[in-house]
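Here is the structure we will look at.
Counting starts at 1 for both ligands and their atoms, in listed order.
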Amino acid sequence: MSGSSMRTRLHKILHCTLLATIAGLICIAQSAAQEAVTLLLINGRIWTVNPQQKEAEAVAIAANKIVAVGSTADILKLKGPGTATIDLDGRRVLPGFNDAHVHFFAGGSNLTGPQLRYSQSQSEFRNTLEAFVRHVPKGQWITGGNWDHENWRPADLPSRQLIDPVTPDRPVLIKRLDGHMSLANSLALKLAGVDKNTKDVPGGVIVRDADGNPTGILKDAAQALVAGIIPPPTEDQIITAVRAAQVYANAQGVTSVQDMSAAPNVFHAYQSMLKDGLLRVRISGHQPLATWERQAAVGIRADFGNDYLHIGGMKGYADGSLGSITALLFKPYLDAPETSGIASAELANPEQMWHNIQGADSAGLQIAIHAIGDKANNTILDFYERLEREGGKRDRRLRIEHAQHLIAEDIPRFAKLGVIASMQPYHCIDDGRWAEKRIGPERARTAYAFRTLIDTGATLAFGSDWDVAPMSPLMGIYAAVTRRTLDNERPDGWVPEQKITVEEAVHAYTMGSAFASFEEKLKGSIEPGKLADLIVLSDDIFTIDPAKIAETKVMITLFDGKVIASPHPSYLYKRSPSGLILRP
Ligand SMILES: [Zn+2]
C-alpha cells in the first residue's frame with residue numbers, strides 16, 4: 001500500500017468514526033427527546049455483546065427499546081420525571097437469552113402435567129399423581145408425567161392397579177421420561193378397547209400379567225393404541241401450556257425462543273396470544289420441511305413476522321440420536337458393531353429430501369436440518385453445497401441442528417458455506433458421560449467441536465432442545481466452558497480442547513441465535529435501537545470460577561422494556577453427589 005493511499009484510508013476511518021460518534025450522540029438526544037425514557041439501569045457491569053463497546057455501566061430504555069448505553073453519570077442525565085431506576089449494585093447484565101432450539105408446547109404440556117420425574121418410590125409416585133388429579137376435571141385426560149422407575153428400589157414397573165384407586169374417573173396415559181413406554185389406567189385401556197384379546201402391534205408390546213391381562217404398561221408403538229384416542233388439545237389447553245413454558249423460560253433469563261415444532265394448532269395459539277398481548281417471549285416458529293409448499297403457496301419467505309412472532313424456517317431430519325444408537329455414522333458403533341445408525345425417514349429417500357430442500361430454498365424459506373451423526377452432517381453439508389452451486393450464493397442462513405459429530409474435514413465447511421451450527425451444549429456434558437464407549441476416543445475429538453467450529457469461522461447458535469434437556473442457558477454456558485460431564489467424572493472436561501470462553505458462549509446464546517433467525521438487527525446485544533430484553537445475574541459469570549456458572553441465578557428478566565421475572569424464587573440446580581440435577 002502506498003503512503004498516500006494509506007493516508008486516504010486512515011482519513012476515511014477517522015472520518016467514519018467521528019461521524020458515527022456524532023450520529024450516536026444525536027441519536028441518543030433525538031430518541032430521548034422523542035420518547036420519554038421509562039427505565040434506567042445504573043451502576044451495573046453490562047456485557048453488551050457489541051464489539052464496539054463491550055462493557056458499560058448503565059442503560060436507558062424508552063418503552064420497549066434501548067436508547068442509550070454508557071456510564072452511570074451519562075445515563076442519569078436522561079432521567080425524566082416519569083423514569084424508573086434500577087440500581088444494579090454492581091451486578092452483571094447480559095442481553096436476554098435466545099434459545100435457538102426448543103419444543104415449546106411439548107415442554108409446556110409437561111410442566112402443566114403431573115410432575116413424576118423425581119418420585120423416589122411407587123407410593124410417592126401414586127401420591128403425587130393423586131394430588132395432581134384433584135385439580136383436573138372429571139373425564140379429562142391426564143398425560144405427560146416423565147416418570148422414572150429406575151429411581152425406585154426395587155425398580156419395578158408401575159401398573160394400572162397402582163394408580164386406579166386415585167384415578168377412577170379420569171383416563172390416564174403417562175409416559176416414562178425417555179418416551180419409550182407409558183402407563184395407562186384401567187379407564188384409559190377401556191376407552192381404547194385394549195384388553196386381554198388385543199394383539200401386540202408391530203414395534204410395540206402390551207405388557208401382560210400371568211393371566212394375559214394388560215398391566216397398563218405399553219411399550220413403544222403400543223403406546224399409540226391409547227394415545228391415538230386422546231382428543232387433540234384445545235386452543236385453551238395449548239395456551240395454558242405455552243404460558244407455563246413462558247414462565248419457565250423467563251425464570252431462566254430466556255426472552256426469545258426458536259420453536260422447532262410449531263405445528264399449525266400451536267402457531268394458531270401463538271397468534272391468539274400475540275393478539276391478546278400474552279406473549280412473554282419472542283417466538284420464531286419452524287414448520288416441518290416436507291410442508292414447505294404450504295408456506296411457499298401463500299408467499300411466506302424467511303424472516304417474516306414482527307418483533308414477537310416470526311415464521312419462515314423449515315425443519316427437517318437427517319437421522320436419530322447417539323443415545324438410541326440411531327445417529328447416522330460413517331463407521332459402526334463400537335458398542336453395537338452391527339450398525340452405523342439409521343437415516344431418518346426423510347433422508348431414507350434422498351431424492352425426495354433434496355427436492356424439499358431445493359424447493360424450500362428457491363421459495364426463499366430458511367432451512368434447518370437435524371443432523372447428529374458424522375455421516376448425516378456430511379450428507380446435509382453436501383446438500384447445502386449443491387444449493388449454492390446450483391442456486392448461486394445468497395444470504396440463506398442455512399442451519400444444521402445439533403451438528404454433534406463431525407469428521408475433521410467437514411468442520412471448515414460450516415464457515416465456507418455459511419452454515420450455522422445450532423448446538424446444545426448441555427447435551428455435551430450429558431452424552432459425554434458415555435459417548436466414548438459408543439464412538440471411541442478418536443471420533444470424540446471432533447464431537448461437539450465448539451472450539452474448532454469457532455476457530456474456522458463458523459457462527460454458533462446455542463439452545464437447549466428443551467424439553468429433551470433443561471432450558472437453562474447458564475447451564476449451557478457452564479457446559480460449553482467447562483465440558484464437565486454431569487457425573488463429575490471428568491473435572492477437566494470431556495475433550496477439553498473443544499472448550500470455549502464465557503464470552504463466546506454468551507455470544508452463541510444471544511447474537512449467534514439472533515443471527516440464526518435473521519434478527520440480529522433487532523436483538524442479541526445491548527445497543528441503542530435494539531429491543532429492551534435484558535437480564536441481571538446473581539454473580540458475574542465472567543469472573544467467577546467457571547464451575548460455579550451453573551449455580552448462577554437470573555435475578556431479573558426484562559422483556560420488552562418491562563420487568564417480568566424478579567427475583568428468581570428458587571435455584572433450579574443443585575449439586576448432588578451424583579452431579580448436577582434439576583430441582584423438582
Ligand atoms: Zn429438538
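The aromatic rings of Trp354 and Phe383 lie parallel to each other, with less than 30° between the two planes, well short of the 60° mark. Aromatic ring orientation, Tyr317 versus His370: tilted (interplanar angle from 30° to 60°).
Counting only distances under 2.8 Å, and ignoring water, the protein N, O or S atoms around the Zn ion (ligand 1) are His101 NE2, His103 NE2, Asp465 OD1.
In this structure a side-chain-to-backbone donor-acceptor pair under 3.5 Å is missing from Asp99 to Val257. The closest donor-acceptor contact from the side chain of Arg438 to the backbone of Leu322 lies under 3.5 Å.
The salt bridge (Lys or Arg N to Asp or Glu O under 4.0 Å) test with Asp560 is passed by exactly one of Arg282, Lys530, Arg280: Arg282.
Looking only at side-chain heavy atoms (C-beta outward), Ile400 and Phe414 come within less than 4.5 Å of each other.
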